[in-house]
Amino acid sequence: MSRALFVLFALTGCSTDNPNYPPPADIPADLLACEQPSDCVIVELGCCDHCNGGFALSVRADKASEVTDTYSETCGANTACTEMACAELLPTCSNNVCGSEEAVF
C-alpha cells in the first residue's frame with residue numbers, strides 16, 4: 001500500500017480589494033505596444049508567481065510599474081504559495097503587441 005502525502009496550502013490573506021484584479025481581459029493597448037521583444041517585460045500580478053496559482057503578463061517595459069500598481073493582487077502576510085517549478089516566461093513581440101512564451105530547455 002502506498003502512502004499519500006496531502007499538503008494543505010491555505011491562501012489566506014489574499015484580497016480582491018483591487019477592483020482590477022484579476023487583470024481584465026482587455027488590457028489597454030498602450031500598455032502592451034512594442035516594436036521588438038526587448039520593449040517588453042514579464043510582470044507577476046498575483047500573490048504567488050505564475051507557476052503557483054498567480055498570473056503573469058508581458059507588458060511594455062516602461063509601463064511595468066503602472067501595470068503592477070494598477071492590476072496586482074493585494075497580498076496579506078499569511079499568504080502561502082505552492083513551490084512548483086515551471087519554465088521561465090520570456091517576453092515576445094508579435095504584431096506590435098507584447099506577449100510571452102515558455103523558455104525551452
| said: So, taking the atom named CG in L31 and the one named CG in L57, what distance separates them when rounded to the nearest 0.5 Å? | reply: 9.0 Å
| message | Using a 6.0 Å cut-off, check whether atom CD of Q36 has over 12 heavy atoms from anything other than its own residue. | response | yes
| field | Closest approach of S58 to G99 (non-hydrogen atoms, all atoms of both residues) | value | OG-O, 2.7 Å
| said: Would you compute the distance between atom SG of C81 and atom CG of N52 and round it to the nearest 0.5 angstrom? | reply: 6.5 Å
| message | Rounded to the nearest 0.5 Å, what separates atom OG1 in T92 from atom CG in D39? | response | 11.5 Å
| Atom pair CD (E44) and SG (C51), whose distance is rounded to the nearest 0.5 Å | 7.5 Å
| message | Could you tell me if the side chain of L89 sits less than 4.5 Å from the side chain of E102, heavy atoms only? | response | yes
| request: Considering non-hydrogen atoms only, spot the tightest contact between V41 and R60 and give its length. | output: CG2-O, 4.5 Å
| field | Inter-residue atom distance D30.CG - E66.CD, 0.5 Å rounding | value | 6.5 Å
| query | Shortest non-hydrogen contact from E73 to G46? | reply | OE1-CA, 3.6 Å
| task | Look at the SG atom of C40 and the SG atom of C98, then say if they are under 2.5 Å from each other. | result | yes
| Side-chain contact, heavy-atom cut-off 4.5 Å: L32 with V59? | yes
| Which atom names give the shortest non-hydrogen contact between L90 and I42, and what distance separates them? | C-CD1, 4.1 Å
